[in-house]
Amino acid sequence: MVFGISHLVQPRVWVQFFIEVRKQGEVGSFINALVHFPFGALIVAFHNVWHGIAMVLTLIGWSLVLKCLVSFVFPRYGLKMLSRLSLERAWEFAAAGVVLLALSALLLFSIVTHS
């Protein structure tokens, strides 16, 4: 939820952050992976649920781990993903923020209704 709000409210800052990371070349691919890997690994380690709405969180965790694996093993490809970013496309971060908030609401609803 925190990332969703931040993406929605500060999309240009997110773009600027990743542009700075991209300037580091292939090392930037590693930096990007190091930022995302702990979240994916934490989800995978403690929330490996493969049924119902809660599975969405598991899929997010595994997708983050996979994204990081690609960035660590194929840093040029990770850098290519970062090369898509520009301030003109900052709206994509805002859109991602809306999606993250929707997923957060869905997961929160799941927790509340199953308690």
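In this chain, residues are counted from 1 in sequence order. Everything numeric here is computed off the predicted structure, so don't read it as measured data.
Between His51 and Val49 the shortest side-chain heavy-atom distance falls below 4.5 Å. Looking at heavy atoms from C-beta onward, Trp62 lies in side-chain contact with Asn48 at the 4.5 angstrom threshold. No side-chain heavy atom of Leu64 sits less than 4.5 Å from a side-chain heavy atom of Phe37. Annotation: side chain of Gln16 is in contact with side chain of Leu87 (closest heavy-atom distance under 4.5 Å).
Taking the six-membered ring for Trp and thresholds of 30 and 60 degrees, Phe39 and Phe3 have ring planes more than 60 degrees apart, a perpendicular arrangement. Between Phe18 and Trp14, the ring planes lie parallel to each other; the angle is under 30°, not in the 30° to 60° tilted range.
His7 places no side-chain N or O within donor-acceptor distance of the main-chain N or O of Glu92, the cut-off being under 3.5 Å. No donor-acceptor distance shorter than 3.5 angstrom exists from the side chain of Ser29 to the backbone of Arg76, with no hydrogens or angles considered. Arg22 places a side-chain N or O within 3.5 Å of a backbone atom of Leu85 that can act as its donor or acceptor partner.
In this structure, Ser71 OG and Lys80 NZ are separated by 13.0 Å, a value rounded to the nearest 0.5 Å. For the atom pair CD1 (Ile60) and CE (Met55), the distance works out to 11.5 Å, reported to the nearest 0.5 Å. Leu82 contributes atom CG, which lies 12.0 Å from atom CD of Glu26 (distance to the nearest 0.5 angstrom). Taken to the nearest 0.5 Å, the SG atom of Cys68 stands 7.0 Å off from the CG atom of Asn32. Rounding to the nearest 0.5 Å places OG of Ser63 at 8.5 Å from NZ of Lys67. Rounded to the nearest 0.5 angstrom, Leu79 CG and Gln24 CD are separated by 10.5 Å.
Among residues two or more places apart in sequence or in another chain, the ring-ring contact (aromatic ring centres under 6.0 Å, His included) test is passed with Phe30 by Phe72.
In this structure, Ala90 and Pro11 approach most closely via the heavy-atom pair O-CB, 3.2 Å.
Residue Leu106 forms a side-chain contact (heavy atoms from CB on, under 4.5 Å) with just one option from Ile53, Leu57, Leu101, and that option is Ile53.
When hydrophobic residues (I, L, V, M, F, W, Y) are linked wherever their side-chain heavy atoms come within less than 4.5 Å, the members clustered with Phe46 are Leu42. Other cluster members for Leu69: Leu66, Val70, Val73, Phe74, Tyr77, Met81, joined by side-chain heavy-atom distances under 4.5 Å among Ile, Leu, Val, Met, Phe, Trp and Tyr.
Residues Ile31 and Phe93 share a hydrophobic cluster, clusters being chains of Ile/Leu/Val/Met/Phe/Trp/Tyr side chains in contact below 4.5 Å. Hydrophobic clustering of Ile, Leu, Val, Met, Phe, Trp and Tyr side chains at less than 4.5 Å, counting indirect connections, keeps Ile43 apart from Leu59.
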